[in-house]
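See below for the structure under consideration.
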Amino acid sequence: MITLQGVAPDMIANNLTPFEPTHPGELIRDELEARHLTQVKLAESIGIKPSLLNEVIRGKRGVNTEIALLIEAALNIPADLLLNLQSDYNMQMAKSDASFMKRLSSIRNIAALL
């Protein structure tokens with residue numbers, strides 16, 4: 001599909017999706033590095049297990065509301081920013097799953113007939 005300006009909608013900067021989605025753990029890791037803080041020190045200061053924080057930072061676990069609020073209190077990174085990053089990450093991961101997208105397509109085809 002080409003727009004009137006001759007640019008496909010999926011090539012407009014606001015419509016592009018990153019090649020690899022950004023997990024909020026990357027932002028937390030970068031902030032810890034910039035502040036010369038360890039994961040253990042942050043985990044202790046916010047009252048969670050270091051292994052839990054490490055899983056978040058490595059992208060193995062998502063950021064939930066409680067963790068986002070704890071990080072906000074400790075590092076002053078807005079909780080809504082972390083939650084929005086997590087939501088965007090989840091959406092991009094789902095959209096990159098070919099079998100899930102095929103399932104969605106089947107559902108849309110059925111729904112179109114209703």
* Asked: Side-chain heavy atoms under 4.5 angstrom apart, residues restricted to Ile, Leu, Val, Met, Phe, Trp, Tyr: same cluster for Tyr89 and Phe100?
  -> no
* To do: Step by step, work out the side chain to side chain contact (heavy atoms under 4.5 Å, CB included) result for Asn90 and Met93.
  => CA-CA 5 Å; Asn90 294 347; Met93 292 303 291; 5.8 Å; no
* **Interatomic spacing from CG in Leu42 to CD in Glu31 - rounded to 0.5 Å** => 10.0 Å
* Asked: Would Leu81 and Val63 show up in the same hydrophobic cluster when neighbours are defined by side-chain heavy atoms closer than 4.5 Å?
  -> yes
* To do: Kindly indicate, with the supporting measurements, whether the criterion side chain to side chain contact (heavy atoms under 4.5 Å, CB included) is fulfilled by Arg58 and His23.
  => CA-CA 9 Å; Arg58 290 180 27 236; His23 189 278; over 6 Å; no
* Crowding at CZ, Arg103 (>12 non-hydrogen neighbours, <6.0 Å) -> no
* **Reported CD1-to-OG distance for the pair Ile71 and Ser45, which is rounded to 0.5 angstrom** => 8.0 Å
* CG of Leu83 to CG of Leu69: how many Å apart, nearest 0.5 Å? -> 7.0 Å
* Heavy-atom distance under 4.5 Å between the side chains of Leu82 and Ile28, does that happen here? -> yes
* To do: Quick one: do Glu55 and Lys60 satisfy salt bridge (charged side-chain N to carboxylate O under 4.0 Å, His left out)? Show the steps, please.
  => CA-CA 5 Å; Glu55 288 178 357; Lys60 302 296 180 188; over 6 Å; no
* Please answer: with hydrophobic residues joined when any side-chain heavy atoms are less than 4.5 Å apart, are Leu52 and Leu32 in the same cluster? => yes
* To do: Look at atom CE of Met101 and say whether more than 12 heavy atoms of other residues, nucleotides or ligands are closer to it than 6.0 Å.
  => yes
* In one Ile/Leu/Val/Met/Phe/Trp/Tyr side-chain cluster, 4.5 Å: Leu75, Val40 -> no
* Between NE2 on residue His36 and NZ on residue Lys41, distance to nearest 0.5 Å -> 15.5 Å
* Asked: How about Glu72 and Ile77: do any of their side-chain heavy atoms sit closer than 4.5 Å?
  -> no
* Structure fact -> One should read off an interatomic distance between Gln39 CD and Leu53 CG, to the nearest 0.5 angstrom, of 5.0 Å
* For Asp88 and Gln92, does a side-chain donor sit closer than 3.5 Å to a side-chain acceptor? -> no
* Tell me, do Gln86 and Pro24 make a side-chain contact under 4.5 Å, heavy atoms counted? -> yes
* **Spacing of Lys95 atom NZ and Leu104 atom CG [to the nearest 0.5 Å]** => 10.0 Å
* For Pro50 against Ala43, the heavy-atom pair lying closest together -> CA-CB, 3.6 Å
* To do: Determine whether Leu70 and Leu85 fall in the same hydrophobic cluster, where Ile, Leu, Val, Met, Phe, Trp and Tyr are linked whenever their side-chain heavy atoms lie under 4.5 Å apart.
  => yes
